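Just the heavy atoms: all of them, side chains too, but no hydrogens, waters or symmetry mates, feed the values below. Just so it is clear, the structure is predicted and the values come from calculations on it, not from any experiment.
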Amino acid sequence: MTEKIFRPWTEFFGRAHEKHFRRGVLLTSALLAVGGTFSPLRPAHAQWAVYDGANHVENVLIAARTLQQIDNQITSLANQAQMLVNQGRNLASLPLSTLSTLQSTISQTTSLLAQAQNIAYSVQSVEQQYQQVYTSVSSGMSDSALFSQAQRRWQNSVGGFEDALKLQARVVGNIPSDSSAMSQLVSSSQTSTGALQAAQAGNQLLALQSRQLSDIQAELAANGRATALQQAREAATEAESEAQYQHFSQHDAYVPGTVSMFGSSGN
């Protein structure tokens with residue numbers, strides 16, 4: 001757009017430069033022709049004006065210098081117009097923007113993290129669930145309570161691995177769109193007409209890399225959560241086994257006795 005605005009000015013200054021140059025040549029030729037007509041060797045008549053050759057030469061030189069100054073001014077104005085065109089190119093914005101696509105992808109990843117089952121990505125939630133399910137095992141608990149807690153721990157582990165698999169699927173699904181965006185940005189950077197467009201393309205490439213790093217961070221968090229839940233479940237299972245053993249050992253020892261199965265006759 002800027003180049004189209006300044007292009008008529010550049011063409012105007014070029015045509016004006018050529019026009020003045022031709023006028024200067026014609027003017028100089030006319031003056032020299034007039035000077036050749038009034039030769040000082042011819043006898044002067046009383047009714048004719050006296051011709052001053054030195055004055056004529058000085059006028060020609062003044063006219064030539066004036067034309068040269070005009071030519072320099074036209075050249076300077078043409079250079080300024082071209083400089084403005086170049087500045088317009090450097091200030092032109094990049095027509096391509098991938099910001100909305102990156103924001104949409106980040107929103108989808110954040111939504112998956114918010115759908116974490118049973119134990120959310122929250123310090124308060126982790127503390128509450130961990131104390132209720134993983135560290136509250138004791139020998140005084142009934143068998144039904146121990147079984148209920150064991151089942152919740154199993155559900156937490158299964159949900160953690162399912163959440164990790166969903167997030168991994170989302171990260172892998174982002175690869176085609178990332179490849180397309182990267183190709184467009186690199187192409188726009190290579191075909192940029194000014195410094196601003198190249199800088200904006202580079203910034204968008206950095207934003208794409210940042211989004212990919214956030215995907216990796218989220219995936220590591222999901223995998224770590226699943227692994228931590230499984231390890232906590234195994235530790236709680238050991239504590240549960242110890243509690244069940246203590247609960248069983250509190251009962252009285254077995255005392256053998258005589259049992260009559262077919263009556264008192266012993267038959």
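The two residues Ile119 and Arg225 have their closest heavy-atom pair at O-NH2, 2.5 Å.
No side-chain heavy atom of Asn156 sits under 4.5 Å from any side-chain heavy atom of Gln117. The closest side-chain heavy-atom distance from Ser214 to Thr109 is not below 4.5 Å. Thr237 has its side chain within reach of Arg233: a pair of non-hydrogen atoms, C-beta onward, lies under 4.5 Å apart. No side-chain heavy atom of Leu102 sits under 4.5 Å from any side-chain heavy atom of Gln204. You'll find the side chain of Ser76 reaches within 4.5 Å of the side chain of Gln80, heavy atoms only. A heavy-atom distance below 4.5 Å is found between the side chains of Asp178 and Leu208. Inter-residue side-chain proximity for Arg170 and Asp215 is flagged as unmet; no heavy-atom pair is nearer than 4.5 Å. Contact of the Leu206 side chain with the Gln209 side chain is registered, since non-hydrogen atoms from C-beta on lie closer than 4.5 Å.
Counting only N and O atoms by type, the side chains of Arg152 and Gln129 include a donor and acceptor under 3.5 Å apart.
For Glu219 (side chain) and Gln168 (main-chain N/O), no donor-acceptor pair under 3.5 Å exists by modelled atom type. Looking at Ser157, its side chain does come within 3.5 Å of a backbone N or O of Arg153 through a donor-acceptor pair. In this structure, the side chain of Ser192 engages the main chain of Ser189 through a donor-acceptor pair within 3.5 Å. The backbone N or O of Ser179 sits less than 3.5 Å from a side-chain atom of Ser183, completing a donor-acceptor pair. Under a 3.5 Å cut-off, the side chain of Arg211 and the backbone N or O of Ile106 do not form any donor-acceptor pair. In this structure, the side chain of Ser187 does not engage the main chain of Gln184 through any donor-acceptor pair within 3.5 Å. Gln149 places a side-chain N or O within donor-acceptor distance of the main-chain N or O of Gln132, the cut-off being under 3.5 Å. Of the possible donor and acceptor atoms, one in the side chain of Thr105 sits under 3.5 Å from a partner among the backbone N and O of Thr101.
Atoms CG and CG, on Asn223 and Leu165 in that order, are 8.5 Å from each other to the nearest 0.5 Å. Here Gln115 contributes atom CD and Glu162 contributes atom CD; the two are 10.5 Å apart, rounded to the nearest 0.5 Å. A distance of 11.0 Å separates CE of Met182 from CD1 of Ile175, quoted to the nearest 0.5 Å. Separation of atoms CG (Leu113) and NZ (Lys166) is listed at 12.0 Å; rounding is to 0.5 Å. Separation of atoms OG1 (Thr75) and CD1 (Ile70) is listed at 11.5 Å; rounding is to 0.5 Å.
When the shell of 6.0 Å around OH of Tyr121 is examined, it contains more than 12 heavy atoms from other residues, nucleotides or ligands.
Under the 4.5 Å side-chain heavy-atom criterion for Ile, Leu, Val, Met, Phe, Trp and Tyr, Leu229 and Phe161 are members of distinct hydrophobic clusters.
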What do the steps show when you test Gln68 against Asn72 for side-chain contact (heavy atoms from CB on, under 4.5 Å), and what is the final call? CA-CA 6 Å; Gln68 183 63 38; Asn72 294 337; 3.2 Å; yes
